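Please read all numbers here as calculations on a predicted model, not as lab measurements.
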Amino acid sequence: MALETPEKRTKKPTGAIVQSLLQDLDGRDKTIKIIQYFLKVLVHYHYFPSKQWSPITSQFSLTRKILRLGHAVEPIRDLSSSFSLFKTAYTINAILQDIADDIFCLYKLGLIHAKVGKRAEVVAYYCWFAAILVDVRKSIGSLHGLQSQKVKDKHQREHQQKVLIAKVSLSKLLLDGVFCACDIWQPSSANTIQIWAGLCSGSLSGYKLWHKFA
């Protein structure tokens, strides 16, 4: 009787992975984010002149907001399948965040009054921070569940990869939490903290997406 061997995953060519990333909304968003914050690091430490490059990083930020316009449609559709109070509250929070982000984006485009746009920005901060806290708790639970699983030898490699991705997800959420906390409480070193948190968070998201499409 022949021994069963686990199926090997066919590895895509690098070009095909890049193509998949750029065709995906999250892929485009995270690619732009990595470039945006890498340039911010270079500007912050005076490798690039601020006068020339700061407007470019601002345009990258606006581009990412435009890419996300109308994202509230997804959680609105999810609302119909929310059967628990907690899940409903979480989904409503996501809807409020997306709508506030859209309003702020329209303000940056000059289509909405500054007072409304800036208030929407603050609402988006608090909604995002609340979502991060919930997601961190869920991510810790998922990671603990994976680490406590007993897996057969032939599935060890696949399991270790799942654990790695869970750790990456948790790290990314913690970085997002640091970034968002700086928006809300605005410490004196907020700019430096957010530049590095944004770059690291974007890089971890990019790694997850690369693995997803590989």
Quick check for you: to the nearest 0.5 Å, what is the distance between [X] atom [atom1] and [Y] atom [atom2]?
X      : Y      : atom1 : atom2 : result
Ile195 : Cys200 : CD1   : SG    : 11.5 Å
Arg68  : Asp101 : CZ    : CG    : 9.5 Å
Ser142 : Asp135 : OG    : CG    : 10.0 Å
Ser205 : Asp176 : OG    : CG    : 6.5 Å

Go through it in stages, so that I can follow the logic: the residues are Lys208 and Lys212, the test is side chain to side chain contact (heavy atoms under 4.5 Å, CB included), and I'd like the CA-CA distance, side-chain angles, deciding distance and then a yes or no.
CA-CA 6 Å; Lys208 283 179 63 181; Lys212 174 183 174 182; over 6 Å; no
Ser61/Lys65 under side chain to side chain donor-acceptor pair (under 3.5 Å): CA gap, chis, key distance, verdict:
CA-CA 6 Å; Ser61 177; Lys65 287 179 173 63; 3.2 Å; yes
Return the orientation label for the Tyr107 and Phe104 ring planes: parallel under 30°, perpendicular over 60°, tilted otherwise.
tilted
Mind telling me whether Tyr37 and Phe179 have parallel, tilted or perpendicular rings, with 30° and 60° as the class edges?
perpendicular
Run Asp183 and Gln194 through side chain to side chain contact (heavy atoms under 4.5 Å, CB included) and show every step you take.
CA-CA 9 Å; Asp183 277 329; Gln194 285 188 310; 2.9 Å; yes
Val134/Arg137 under side chain to side chain contact (heavy atoms under 4.5 Å, CB included): CA gap, chis, key distance, verdict:
CA-CA 5 Å; Val134 174; Arg137 183 175 177 275; 5.9 Å; no
Lys172/Ser139 under side chain to side chain contact (heavy atoms under 4.5 Å, CB included): CA gap, chis, key distance, verdict:
CA-CA 10 Å; Lys172 186 260 180 194; Ser139 185; over 6 Å; no
Are the side chain of His159 and the backbone N or O of Lys150 linked by a donor-acceptor pair below 3.5 Å?
no
Non-neighbouring partners of Tyr125 that pass ring-ring contact (aromatic ring centres under 6.0 Å, His included), sequence neighbours left out:
none
Would you kindly check if the NZ (Lys) or CZ (Arg) of Lys40 is within the cone defined by 45 degrees around the ring axis of Phe60 and under 6.0 Å from the six-membered ring centre?
no
